[in-house]
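First listed ligand is number 1; within each ligand, the first listed atom is number 1.
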Amino acid sequence: MPTVSYEDIAMPASVAIARTAPLYERVKSVIPAIEWPVFAGDIDAILTLKRERNAVILAHNYQTPEIFHCVADIVGDSLVLAREATQTDADVIVLAGVHFMAETAKLLNPDKTVLIPDTQAGCSLAASITAEDVRLLRQCYPGVPVVTYVNTSAAVKAQSDICCTSGNARKIIEGLGVDRVIMLPDEYLARNVAAETGVEIISWAGHCEVHELFTAEEIRALRKQHPGVIVLAHPECPPEVVAAADFAGSTAAMADYVGSTKPARVVLVTECSMADNVAVLNPATQFLRPCNLCPHMKRITLPKIRRALETLTHEVTIDPSVATPARAAVERMLAM
Ligand code: 13P
Ligand code: SF4
């Protein structure tokens with residue numbers, strides 16, 4: 001495939017602004033007009049590069065609106081991104097999200113080129129546990145099935161029986177039909193699922209650095225300040241935060257909740273870009289904005305996506321000895 005250079009697609013800013021005007025219409029409620037010229041050139045170039053490369057961009061719900069609404073082909077939570085990764089006939093997949101998401105896409109597409117625009121886009125949960133930790137846990141609890149959250153490295157997935165996401169954790173745990181499971185590495189997700197299922201869960205002390213910051217006190221104060229507000233929380237939040245919310249679910253479940261119930265006023269107890277992205281599609285709902293930024297998700301930017309497509313970097317590779325068992329754990333999840 002020929003290299004596409006920066007110069008080949010460079011053009012006056014006014015042309016890019018004019019060509020991307022319909023996209024700006026879509027996001028004008030969350031991106032000030034003065035910022036658009038900064039984004040227009042990269043957006044226009046990325047749209048051209050996608051065609052040149054036969055590439056698709058998979059973007060997580062925490063990506064900023066100029067990525068999520070203007071260059072992404074598929075958007076969603078971790079489960080949707082994994083499922084959709086199996087459906088594409090593109091040659092190149094760019095994962096606008098964090099590294100474990102790109103690894104999952106690669107596991108499911110071993111013959112495609114999978115790119116992550118910034119290799120440092122990690123995750124505090126994925127960093128909290130190693131494959132060796134899982135091997136030791138298995139020795140401590142022989143015969144107890146190991147369920148790993150997709151927010152883990154491929155090496156950790158390779159040591160597990162099955163994966164889960166926040167969107168299907170309850171279904172996966174109940175589907176195993178056992179009284180006791182090891183569920184790694186998110187302690188809060190494990191406790192939240194244990195409360196819903198009655199299954200005994202052996203967990204790990206991993207936490208999401210974004211969701212662990214929310215407190216039940218904060219939610220009570222919000223309710224006092226804004227009577228009638230609907231509170232939606234991600235299950236990576238501490239159990240007392242989930243208990244104080246009206247609904248807990250994956251990022252896709254939160255977006256669906258707003259889309260289907262159309263609350264007058266809502267707060268999404270999660271990463272900051274979620275509210276922007278959902279607000280674009282729900283103009284009648286007022287979004288309160290206490291939120292926390294994920295520094296890893298925020299490493300992904302339009303210039304880095306453009307660069308990834310221009311240079312076909314950074315390619316995700318997984319050692320076959322790890323990829324085979326890790327893929328099996330992801331595929332078992334998708335089949336359930
Ligand atoms: P979702 O699968 O719910 O999108 O969550 C992924 C994630 O990283 C949340 O912090
Ligand atoms: Fe990881 Fe939390 Fe960031 Fe999600 S929000 S990628 S769980 S650190």
Side-chain angles (χ1 to χ4, degrees), residues 58-64 67-68 72 74-85 95-105 108 116-129 147-153 156-157 163-173 183-193 196 203-214 232-238 241-242 245 247-259 268-278 290-300 330 333-334:
L58 271 55
H60 185 260
N61 288 327
Y62 293 162
Q63 292 297 292
T64 47
I67 295 174
F68 187 91
I74 292 157
V75 293
D77 64 1
S78 310
L79 184 58
V80 169
L81 296 183
R83 278 220 186 96
E84 293 296 324
L95 204 303
V98 291
H99 195 262
F100 75 81
M101 295 174 177
E103 274 194 336
T104 304
L108 297 168
I116 178 96
D118 186 324
T119 55
Q120 300 301 305
C123 168
S124 65
L125 282 168
S128 74
I129 191 161
V147 180
T148 50
Y149 196 29
V150 282
N151 297 41
T152 46
S153 65
V156 165
K157 289 182 177 77
C163 288
C164 75
T165 73
S166 60
N168 62 12
R170 180 180 181 165
K171 184 170 148 194
I172 298 286
I173 297 291
M183 185 179 179
L184 309 167
D186 188 339
E187 181 195 348
Y188 296 144
L189 179 69
R191 282 169 55 191
N192 287 324
V193 173
E196 283 181 344
S203 63
W204 186 252
H207 300 130
C208 163
E209 68 189 84
V210 175
H211 292 96
E212 72 176 346
L213 300 178
F214 293 106
L232 313 184
H234 195 277
E236 289 170 9
C237 292
V241 172
V242 167
F247 172 83
S250 77
T251 56
M254 283 192 264
D256 289 348
Y257 186 104
V258 176
L268 307 182
V269 183
T270 190
E271 211 274 342
C272 299
S273 292
M274 252 310 272
D276 284 343
N277 291 331
V278 180
C291 63
N292 293 316
L293 275 174
C294 173
H296 311 289
M297 288 281 179
K298 266 43 218 183
R299 281 182 173 274
I300 308 299
V330 175
M333 168 186 87
L334 294 176

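- Distances below 4.0 Å separate heavy atoms of His211 from the following atoms of ligand 1: 10 (O).
- Using modelled atom types, one side-chain atom of Ser124 and one backbone atom of Glu209 make a donor-acceptor pair closer than 3.5 Å.
- Proximity of Met254 to Asn61: side-chain heavy atoms (C-beta onward) are nowhere separated by under 4.5 Å.
- Atoms of ligand 1 found under 4.0 Å from any heavy atom of Ser250 (numbered from 1 in listed order, with element): 3 (O).
- Judged purely by distance below 3.5 Å, without hydrogens or angles, the side chains of Glu271 and His234 never pair a donor atom with an acceptor atom.
- With Asn168 contributing its side chain and Thr165 its backbone, the two residues share a donor-acceptor pair below 3.5 Å.
- The protein heavy-atom contact nearest to atom 6 (C) of ligand 1 is Ser78 OG, 3.4 Å.
- Side-chain atoms of Asn277 do not come within 3.5 Å of backbone N or O of Ala255 as any donor-acceptor pair.
- Short contacts between ligand 2 and Cys123, defined as distances under 4.0 Å to a heavy atom of the residue, involve ligand atoms 1 (Fe), 6 (S), 7 (S).
- Of the N or O atoms in Thr251, one or more lie within a sub-3.5 Å distance of an N or O in ligand 1.
- Aromatic ring pairs are classed by plane angle as parallel below 30°, tilted from 30° to 60° and perpendicular above 60°; the pair His207 and Tyr188 is parallel.
- Residue contact check: Leu125 has heavy atoms under 4.0 Å from atoms 7 (S) of ligand 2.
- Residue contact check: Tyr62 has heavy atoms under 4.0 Å from atoms 5 (S) of ligand 2.
- Within the 3.5 Å criterion, the main-chain N or O of Val210 finds a donor-acceptor partner in the side chain of Asn292.
- Protein heavy atom in closest approach to atom 8 (O) of ligand 1: Asn151 ND2, 3.3 Å.
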Could you give me the CA-CA distance, side-chain angles and deciding distance for Lys157 and Thr104, then say whether side-chain contact (heavy atoms from CB on, under 4.5 Å) is met? CA-CA 10 Å; Lys157 289 182 177 77; Thr104 304; 3.8 Å; yes
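- For atom 3 (Fe) of ligand 2, the closest heavy atom belonging to the protein is Cys294 SG, 2.4 Å.
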Output, in order, the C-alpha distance, side-chain angles, deciding distance and verdict of side-chain contact (heavy atoms from CB on, under 4.5 Å) for Glu196 and Ile173. CA-CA 10 Å; Glu196 283 181 344; Ile173 297 291; over 6 Å; no
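- Of the possible donor and acceptor atoms, one in the side chain of Asn192 sits under 3.5 Å from a partner among the backbone N and O of Pro235.
- Sulfur atoms SG of Cys208 and Cys123 are positioned 2.5 Å or more apart.
- Short contacts between ligand 2 and Asn151, defined as distances under 4.0 Å to a heavy atom of the residue, involve ligand atoms 7 (S).
- Nearest protein heavy-atom neighbour of atom 5 (O) of ligand 1: His234 NE2, 3.3 Å.
- Looking at atom 2 (Fe) of ligand 2, its nearest protein heavy atom turns out to be Cys208 SG, 2.3 Å.
- Distances shorter than 4.0 angstrom do not occur between any heavy atom of Glu271 and any atom of ligand 1.
- Within ligand 2, the atoms closer than 4.0 Å to a non-hydrogen atom of Ser124 are 8 (S), numbered from 1 in the order shown.
- Distances from atom 1 (P) of ligand 1 to the heavy atoms of Ser166, Cys123, Ser124 put Ser166 nearest.
- Residue-to-ligand polar distances keep Asp77 apart from ligand 1: every N/O pair is separated by 3.5 Å or more.
- Using modelled atom types and a 3.5 Å distance limit, the side chains of Tyr62 and Thr270 yield a donor-acceptor pair.
- Counting the atoms of ligand 1 from 1 in the order shown, those under 4.0 Å from a heavy atom of Glu236 are 7 (C), 9 (C), 10 (O).
- Heavy atoms of Thr165 stay at 4.0 angstrom or farther from ligand 1.
- Heavy atoms of His60 come nearer than 4.0 angstrom to ligand 1 in at least one pair.
- Of all the atoms in ligand 2, the ones that sit under 4.0 Å from a non-hydrogen atom of Glu236 are 2 (Fe), 7 (S).
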